[in-house]
Amino acid sequence: MGNEPSMELSSTFSHEEVRRLGKRFKKLDRDKSGTLSQEDFMSLPELKNNPLAKRVIDIFDADGNGQIDFEEFIDGVSLFSVKGSKESKLRFAFRIYDIDRDGFISNGELFQVLKMMCGSACTITDEQLQQIVDKTIMYADIDGDGRISFTEFCNVVSGINIHHKMIVDV
């Protein structure tokens, strides 16, 4: 990563923003490998106490090699930019739940993510959580295939101003 970050990486950011993100990336890259490990990434204040941090990291890691390179970092952070599109933010939110990346949220995936969100301090039982999952799937699953598509997900979250809730200052 010795070179100055290229503007070609993202049209979402100005040259100055890419330069600043390059500095932040280098600061996070504690072992100077040119990539960020999960541990490096967890030092970000925005992720430190987030129960879904591992899912966020998995989504940033586009090639699935367990490391975030600078291009993946820029692509991921651009989703949280004020300039990031509403659709890209919705797709990111959907991918939090779509663990196996098949384009659908299954009953099991929704259960897993809600369990992560609850954390160890969860006061509801697995049975109660499963009931919530089952009711959510029934509500959201318009075509009756037992899973939630991206379109169905968008219908459910349409009342939430997701574009503004997913903005991080770069």
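All values below were derived from every heavy atom in this structure, side-chain atoms included, with hydrogens, water molecules and symmetry-related copies excluded.
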Are V157 and I142 grouped together when hydrophobic residues (ILVMFWY) are joined by side-chain heavy atoms under 4.5 angstrom apart?
-> no
N65 meets the side-chain contact (heavy atoms from CB on, under 4.5 Å) criterion, sequence neighbours left out, with D61, D63, Q67
Could you list all the side-chain hydrogen bond (donor to acceptor under 3.5 Å, both in side chains) pairs where at least one residue sits in residues 142-151, not counting sequence neighbours?
-> D145-R147, S149-E152
Sequence-distant partners of D40, salt bridge (Lys or Arg N to Asp or Glu O under 4.0 Å), two or more places apart = R30
S43: partners by side-chain contact (heavy atoms from CB on, under 4.5 Å), with sequence neighbours left out = L28
side-chain contact (heavy atoms from CB on, under 4.5 Å) with Q38: which residues, sequence neighbours excluded?
-> M42, K54, I57
Starting at CG of D29, measure out to OG1 of T35 and round the result to the nearest 0.5 Å.
-> 6.0 Å
With sequence neighbours left out, which residue pairs that include part of residues 91-105 fulfil the salt bridge (charged side-chain N to carboxylate O under 4.0 Å, His left out) condition?
-> E87-R91
Does NZ in K27 sit with more than 12 non-hydrogen atoms of other residues, nucleotides or ligands closer than 6.0 Å?
-> no
Trace of the side-chain contact (heavy atoms from CB on, under 4.5 Å) decision for V56 with F92 | CA-CA 9 Å; V56 171; F92 183 87; 3.9 Å; yes
Does the side chain of S37 pick up a donor-acceptor pair with the side chain of E39 at under 3.5 Å?
-> yes
Can you tell me how far SG of C118 sits from CG of L129, rounded to the nearest 0.5 angstrom?
-> 5.5 Å
Within residues 102-149 or reaching into it, pairs that qualify as ring pair (Phe, Tyr, Trp, His ring centres under 6.0 Å) - sequence neighbours excluded | none
Partner set under side-chain contact (heavy atoms from CB on, under 4.5 Å) for M117, not counting sequence neighbours | L52, Y97, V113, L114
Please list, chain by chain and in numerical order, all residues satisfying ring-ring contact (aromatic ring centres under 6.0 Å, His included) with F94, sequence neighbours excluded.
-> F150, F153
Test side-chain contact (heavy atoms from CB on, under 4.5 Å) on N107 and Q130 and set out the steps.
-> CA-CA 9 Å; N107 189 298; Q130 187 61 58; 2.6 Å; yes
Under the salt bridge (charged side-chain N to carboxylate O under 4.0 Å, His left out) rule, what pairs show up with a residue in residues 122-142, not counting sequence neighbours?
-> K115-D126
Side chains of I99 and R55 in contact at under 4.5 Å (non-hydrogen atoms) | yes
Between the CG atom in L110 and the OG1 atom in T136, the distance rounded to the nearest 0.5 Å is 5.5 Å
Give, for atom NZ of K26 and atom NZ of K23, the distance between the pair rounded to the nearest 0.5 Å.
-> 9.0 Å
Among residues two or more places apart or on two chains, list those pairs meeting ring pair (Phe, Tyr, Trp, His ring centres under 6.0 Å) that have a residue in residues 112-131.
-> none
Can you measure from CD (Q128) to SG (C122) and round to the nearest 0.5 angstrom?
-> 8.5 Å
Below 4.5 Å, heavy atoms only, C-beta onward: do F13 and V77 meet side chain to side chain?
-> yes
Could you tell me which residues satisfy ring-ring contact (aromatic ring centres under 6.0 Å, His included) with F60, sequence neighbours excluded, listed by chain and number?
-> F41
Just how far is it from atom CG of L79 to atom CD1 of I59, taken to the nearest 0.5 Å?
-> 9.0 Å
Mind listing the closest non-hydrogen atom pair of A140 and V156 along with its distance?
-> CB-CG2, 3.4 Å
